[in-house]
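Every value quoted in this text rests on a predicted model; they were computed, and no experiment measured them. The basis for the numbers below is simple: all heavy atoms, side chains too, and nothing from hydrogens, waters or symmetry mates.
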Amino acid sequence: MGHRALVIAMLPAIGLRVLAVLGFPPALLFYGDSFAFLREELTPGTTRPSGYSLLLALLRPAHSLTLVTVLQHLLGLALAVGVYALLRRRGLPGWGATLLVTPLLYDEFLVLLEHMIMADAIFIVLVTTAITLIVWRVTPATAAVGGLLLGLAGITRTIGLPLLLLTAAYLLIRRYGWRPLLALVVAGAIPLGAYATWTKAEKGKFALTEADGNFLWSRTMSFADCDVIKPPARLAVLCPRIPVEQRPYPPHWLWESFSPLLKVPGTANRNQLAGEFARQAILAQPGAYVGTVATDLTQLLRWERTAADEKTPYKFPAAERPISASVRGVAESYEAGPAATRVVEPFAGWLRAYQRFGYVPYPLLMVGLVVSLALAVTRRRWDALLPALAALALVAAPPFLAAYDVRYVIPAIPLVCLALGLTVSARARGDAAVRPATEPEAVAGRTT
């Protein structure tokens with residue numbers, strides 16, 4: 001049986017997800033974000049796009065948060081199978097391909113996100129599936145499906161937008177012909193354009209969100225000095241009044257009562273002024289900006305994901321937490337009944353114990369990323385560059401645009417595994433792109 005190793009590896013991975021379903025019914029809820037996604041009235045999101053809300057709306061008639069989490073768990077398992085299939089196609093033995101998808105099956109944070117009412121698990125599936133399809137074989141059809149998935153990823157989390165541009169650049173530089181490139185761009189533009197048009201109709205602005213300026217402004221709160229920036233009077237209201245060494249982490253500046261951002265009336269006006277302030281702060285203090293980003297990125301060198309005593313939403317809870325009255329109705333309307341997360345022992349305790357060691361430390365992940373980039377160049381496995389560069393973009397972009405968060409690194413895990421597998425595989429891509437351009441079939445392949 002050629003796939004015995006994968007089957008054996010899948011069984012405990014399924015068991016972990018069963019523990020999540022049994023131990024934390026009906027789902028894990030994340031602060032205010034989960035409730036924003038669950039709201040019955042569908043509108044374009046202000047701080048985040050509503051792509052995930054659209055999926056939840058499709059599943060709403062079942063009135064089951066368990067259905068949502070089970071679907072996300074199944075998609076996570078299917079993603080591992082898809083990456084495994086591509087690596088086997090490239091000549092890796094069953095045990096080797098299975099070893100490389102082990103993080104997709106067993107990383108505790110992936111299991112956590114699959115069980116959470118958040119957009120992350122779906123985003124990971126969309127991005128990795130798109131990249132896998134395009135790496136599998138470049139044709140107008142696969143490029144169109146990949147572009148559509150990346151477009152959907154962009155309306156699920158805006159950090160997915162650069163990946164569509166990155167993939168288009170990959171097809172252009174690798175000279176796959178105009179038809180796959182056009183198919184990718186047009187298919188990707190369909191969900192993005194439709195969503196932006198919806199935002200225009202609802203809010204009068206052609207955009208995906210109204211918070212990109214806010215997030216960039218919060219990033220500058222780590223270093224902004226208005227004595228150096230000298231902003232005009234209309235932006236001076238956004239100057240921080242707290243000394244740099246006492247300032248909280250950037251996300252707190254978006255929501256907390258001390259934030260000067262809350263003094264600016266009007267959502268669109270606030271976002272515009274915040275963006276202007278942020279750009280002036282970065283131009284006035286480029287060294288400080290790069291320094292704060294570099295400081296954030298040093299978190300990737302931390303071996304332990306979360307300390308045992310660290311307060312974080314990224315842990316399977318030890319105790320039940322009631323839903324606040326202000327949002328309880330939102331969750332209970334979707335569930336058609338009680339929706340607070342229950343903690344059922346001993347299943348919950350087993351998963352909490354596993355969480356203390358069942359993960360890929362980020363330093364190892366970064367080593368894998370660097371190795372995959374180096375091998376892709378030295379071994380001329382150019383198709384491995386696409387997932388590797390996509391992983392790099394997902395890891396590096398958030399500290400530049402908002403702030404580092406341990407959750408933001410997780411989408412890079414399957415991409416790094418895919419890139420590593422492609423660099424060590426027994427054979428390169430079997431399509432025309434890796435053959436000499438003088439062969440007739442290579443020329444034909446690039447124009448079909």
Side-chain angles (χ1 to χ4, degrees), residues 48 76 79 83 100-104 107-110 112-114 118-132 134-135 149-150 153-154 156-167 169-170 212 215-216 218-219 222 249-251 289-306 312 314 359-377 383-423:
R48 64 190 67 80
L79 185 65
V83 173
L100 282 163
V101 301
T102 295
L104 283 70
D107 193 283
E108 55 85 16
F109 215 135
L110 283 169
L112 177 80
L113 291 177
E114 290 166 12
M118 287 284 284
D120 299 72
I122 297 300
F123 175 79
I124 292 168
V125 170
L126 289 170
V127 167
T128 309
T129 302
I131 299 295
T132 300
I134 291 172
V135 170
L149 293 175
L150 289 174
T156 303
R157 283 189 58 201
T158 52
I159 196 65
L161 291 175
L163 301 186
L164 180 61
L165 299 177
L166 177 65
T167 306
Y170 169 79
D212 54 326
F215 280 102
L216 188 59
S218 72
R219 166 74 285 175
S222 300
Y249 203 54
Y289 172 58
V290 173
T292 57
V293 171
T295 300
D296 272 14
L297 289 175
T298 61
Q299 293 293 316
L300 295 169
L301 302 178
R302 175 179 174 177
W303 188 268
E304 191 176 28
R305 289 265 181 91
T306 56
T312 171
Y314 306 134
Y359 58 86
V360 178
Y362 283 167
L364 287 184
L365 183 67
M366 293 303 102
V367 169
L369 177 55
V370 172
V371 168
S372 64
L373 286 167
L375 289 178
V377 174
D383 53 343
L385 277 178
L386 180 58
L389 290 174
L392 179 62
L394 289 172
V395 170
F400 281 93
L401 302 176
Y404 170 86
D405 190 294
V406 63
R407 174 168 59 95
Y408 296 161
V409 184
I410 300 301
I413 292 176
L415 294 171
V416 171
C417 293
L418 175 58
L420 278 173
L422 293 172
T423 60

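Interatomic distance, CG of L150 versus CG of L163, reported as 6.5 Å (0.5 Å rounding). Note: F400 CZ to L216 CG = 11.5 Å, rounded to the nearest 0.5 Å. In this structure, CZ on F215 lies 8.0 Å from OG1 on T158, to the nearest 0.5 angstrom. From L297, atom CG reaches atom OH of Y362 across 13.0 Å, with rounding to the nearest 0.5 Å. Rounded to the nearest 0.5 angstrom, R157 CZ and L126 CG are separated by 12.0 Å. Here F123 contributes atom CZ and L149 contributes atom CG; the two are 12.0 Å apart, rounded to the nearest 0.5 Å.
Closest of all the heavy-atom pairs between S222 and T292 is CB-CG2, 3.8 Å. The two atoms that bring R305 and V360 nearest to each other are NH2-O, 3.0 Å, heavy atoms only. Nearest heavy atom pair, residue D383 against residue V135, reads O-CG2, 3.8 Å. Here the closest heavy-atom approach between residue S218 and residue P250 is recorded as O-CB, 3.2 Å. Summarising the geometry of P103 relative to I413, their closest heavy-atom pair is CB-CG2, 3.9 Å, with the distance given to 0.1 Å. Between Y359 and E304, the shortest heavy-atom distance links the atoms OH-CA, 3.5 Å.
Side-chain contact annotation: D405 with Y249, donor-acceptor N/O pair under 3.5 Å absent.
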Please test Y404 against T298 for side chain to side chain contact (heavy atoms under 4.5 Å, CB included), starting from the C-alpha separation and ending with a verdict.
CA-CA 10 Å; Y404 170 86; T298 61; over 6 Å; no
Please evaluate residues L389 and L166 with respect to the criterion side chain to side chain contact (heavy atoms under 4.5 Å, CB included), reporting the C-alpha separation (whole Å), side-chain torsions for both, the decisive distance (0.1 Å), and the verdict.
CA-CA 8 Å; L389 290 174; L166 177 65; 4.0 Å; yes
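With I124 as reference, I410 is the one residue of L415, L104, I410 to meet the side-chain contact (heavy atoms from CB on, under 4.5 Å) rule.
Taking the six-membered ring for Trp, Y314 and F109 have ring centres closer than 6.0 Å.
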Less than 3.5 Å apart, which donor and acceptor atoms pair up between the side chains of residues 364-375 and the rest of the protein, not counting sequence neighbours?
from: S372; atom 1: OG; to: G368; atom 2: O; distance (Å): 3.2
from: S372; atom 1: OG; to: L369; atom 2: O; distance (Å): 2.7

